[in-house]
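Note that the structure is a prediction, hence the values are computed from the model and not measured. First listed ligand is number 1; within each ligand, the first listed atom is number 1.
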Amino acid sequence: MKKKKAVLFFVVLGIIFSTILVLSWFNPSMITGSFKAGDRLLVIAITIALLIYYFSIEETPQLMPSILATDKETAREKDKSNVTFRDVAGLEEIKEELQETIDFINNSYKYKRMGAKIPKGILFYGPPGTGKTLLAKAVAGETNATFLYASGSEFVEKYVGVGAKRVRTLFEKAKKEAPSIIFIDEIDAIGSKRNSESNNEKDQTLNQLLVELDGFNTNETVIAIAATNRLDLLDEALLRPGRFDRHIYVGNPNVRAREKILEVHTNNKPLDKTVDIESIAKKTTGLSGAQLANIANEAAIIAVRNNKTIITIDEFDAAIERVLAGLEVKNPSVLAKEKNIIAFHEAGHALVSKVLNVDLIQKISIIPRGQALGYVLKFPDEERYLLTEKELYFKITGLLAGRAAEEYKFKEITTGAKDDLNKATEIAREMVCSYGMSSLGTLALDELYIRYNYDSIRLEIKKITDRAYNDALTIIEENNEILEQIANLLIKKEILDSDELDIIYKKYKKRLHYAT
Ligand code: ATP
């Protein structure tokens with residue numbers, strides 16, 4: 001805190017100066033010049049005043065990421081949100097659910113008169129970028145309440161007591177600025193389950209948060225909203241009634257919500273007639289609101305880069321690829337031999353995904369993007385909320401097909417399958433640990449069990465991935481002509497779209513039996 005340090009500097013200077021003056025009272029030869037008693041008293045009085053001021057300055061927690069605030073303190077203290085529900089597309093049922101909270105803030109006297117207790121804490125949970133922060137800001141915007149933003153990681157400190165003090169100060173501020181909304185993003189950073197290994201500082205911070213949540217009463221219109229990607233990690237005490245007891249899941253948008261989100265993010269942009277928001281929404285299954293907002297913005301940037309005055313569907317297609325696969329590498333220095341391997345690797349993915357009917361392949365490319373040397377652009381062909389064991393297994397098989405194609409064609413494997421292996425292992429891990437889809441039994445395994453039985457779990461994961469890999473190899477062997485055709489055309493053209501692939505696929509052999 002700069003202000004506090006500056007005052008401290010003057011206080012120290014004042015104390016030194018006053019000491020000299022007091023000493024010179026008794027021994028006037030210490031300083032030259034004529035200091036009257038009045039001057040001496042004035043210096044001492046100023047020092048005491050500065051001292052009192054120093055102790056009265058509050059320690060203010062870091063409530064806003066510094067990039068959001070030029071003058072941090074003023075921006076933090078007087079933050080009013082200008083986001084409203086109109087800026088939040090889709091999520092209709094959540095907005096409806098939040099109406100009651102909004103009504104409480106706007107008309108708190110109605111509830112207080114009835115002796116009704118309002119929800120103190122709301123917890124949004126769900127995958128990243130789905131609009132949790134946006135919703136919290138919109139609640140503040142709809143009510144004109146002060147919006148106090150804090151990220152859980154800002155309370156994580158090395159020194160015992162510092163995090164707890166920050167929590168205290170945050171709630172004090174919220175009460176002072178009431179009606180107010182405290183939003184704690186990434187609450188898992190301070191609110192994760194306590195155990196014998198957790199440290200004293202973290203526990204103190206969490207305890208302080210629990211105390212504060214219990215502490216504010218119905219006279220103060222303060223609502224605490226928190227967000228996390230991992231509800232399962234949070235301490236039970238935090239989720240108890242009276243604390244964060246309203247849990248609202250904010251998931252990835254469905255096709256209608258995607259359309260609305262794209263509309264919100266394109267309504268200030270000049271769009272060409274070729275741009276059909278509905279069809280963009282259809283081919284972006286599984287993407288979050290943040291990714292869709294990013295696509296709309298990227299499309300506008302690409303249009304500017306291409307010296308266009310209007311955004312066409314080409315810019316949107318380029319933006320989707322940019323957001324999903326990363327930046328295209330210009331003049332890549334990939335060796336011809338490597339290009340061959342990449343082409344067969346990607347052809348393996350495309351072929352096996354087609355045979356097993358996993359996702360809808362829109363495009364395959366061997367032009368490097370981001371860290372990927374080649375990629376298959378695919379989306380699930382429809383909204384899916386439930387996946388069968390077989391479908392999960394097929395996803396793993398499709399992911400491992402790149403490596404299987406390398407082994408089949410070159411009798412050698414490369415580092416190119418790193419990302420595929422991570423994703424395949426993660427799905428297999430979920431099958432074993434969360435969905436009860438292994439010989440360990442129909443049960444979900446908690447973190448502690450996983451830690452102490454990792455060997456048997458690893459064996460189960462390996463059984464699934466090994467079987468899937470062998471299946472991918474068999475499919476490739478059975479359809480080797482198609483693999484060759486896709487790979488060779490890919491080497492020639494570098495990019496193949498779904499129509500070009502469909503022409504080749506006509507003769508593929510669909511497998512009738514799978515190892516699941
Ligand atoms: P994280 O869990 O990573 O903190 P989040 O769920 O809090 O993410 P937000 O920060 O709220 O996500 O969303 C990021 C951006 O995505 C928003 O600023 C907005 O531009 C866009 N966005 C997400 N969901 C929506 C939506 N439903 N309507 C409009 N825009 C959205």
Side-chain angles (χ1 to χ4, degrees), residues 62-65 67-69 79-99 101-102 121-142 147-156 181-192 223-234 244 246-269 277-278 280-281 284-301 316 319-320 322-324 383:
Q62 298 266 314
L63 301 181
M64 272 272 182
I67 38 163
L68 293 186
D79 209 28
K80 295 279 178 196
S81 169
N82 51 11
V83 177
T84 68
F85 275 167
R86 244 178 302 143
D87 303 301
V88 185
L91 305 175
E92 299 305 332
E93 34 334 298
I94 299 178
K95 288 195 260 183
E96 217 165 278
E97 168 89 16
L98 293 172
Q99 281 304 339
T101 308
I102 291 171
I122 299 171
L123 183 72
F124 293 138
Y125 68 101
T130 46
K132 297 181 287 297
T133 310
L134 195 69
L135 276 166
K137 281 186 188 164
V139 173
E142 291 285 332
F147 184 70
L148 295 173
Y149 174 95
S151 168
S153 53
E154 290 165 24
F155 298 102
V156 179
I181 288 175
I182 295 174
F183 178 65
I184 307 177
D185 205 359
E186 301 167 35
I187 194 158
D188 38 293
I190 44 168
S192 58
I223 308 273
I225 302 181
T228 178
N229 302 136
R230 295 287 308 269
L231 181 67
D232 57 314
L233 292 185
L234 295 186
F244 288 106
R246 282 205 178 183
H247 306 164
I248 299 180
Y249 178 70
V250 190
N252 278 331
N254 62 21
V255 65
R256 251 175 305 134
R258 286 199 300 278
E259 200 179 322
K260 286 187 183 151
I261 294 173
L262 284 165
E263 274 164 12
V264 164
H265 290 279
T266 51
N267 68 6
N268 62 346
K269 298 179 174 68
I277 295 289
E278 198 183 324
I280 300 176
T284 45
T285 313
L287 296 199
S288 67
Q291 282 173 309
L292 294 169
N294 202 4
I295 285 172
N297 192 45
E298 276 297 326
I301 292 173
F316 271 96
I320 292 174
R322 163 79 182 83
V323 168
L324 289 182
E383 304 287 341

Item to check | V264: partners by side-chain contact (heavy atoms from CB on, under 4.5 Å), with sequence neighbours left out | outcome: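 Partners of V264 by the side-chain contact (heavy atoms from CB on, under 4.5 Å) criterion, ordered by chain and then number, come out as A89.
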
Checklist entry - When you look for protein heavy atoms under 4.0 Å from ligand 1, which residues do they belong to? => result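 Residues near ligand 1: D87, V88, A89, L91, P128, G129, T130, G131, K132, T133, L134, D185, N229, I261, H265, G289, A290, A293.
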
Checklist entry - Which distance, rounded to the nearest 0.5 Å, do you find between the OG1 of T228 and the OH of Y125? => result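 Reported value, rounded in 0.5 Å steps: 11.0 Å.
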
Next on the checklist: Between E142 and V139 (side chain of the first, backbone of the second, donor and acceptor by atom type, cut-off under 3.5 Å), is there such a pair?
Outcome noted: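 Answer holds: no.
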
Checklist entry - Taking the side chain from T130 and the backbone from V250, do they hold a donor-acceptor pair closer than 3.5 Å? => result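 Side chain of T130 to backbone of V250, a donor-acceptor pair under 3.5 Å: yes, one is there.
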
Would you tabulate the side-chain donor-acceptor contacts of residues 91-99 under 3.5 Å, counting partners in other chains and residues two or more places apart, or write 'none'?
unit_1, atom_1, unit_2, atom_2, d
K95, NZ, F85, O, 3.3
K95, NZ, V88, O, 2.6

Checklist entry - Sequence neighbours excluded, which residues qualify as side chain to side chain donor-acceptor pair (under 3.5 Å) partners of R246? => result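 For R246, the residues satisfying side chain to side chain donor-acceptor pair (under 3.5 Å) (neighbours in sequence not counted) are E100.
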
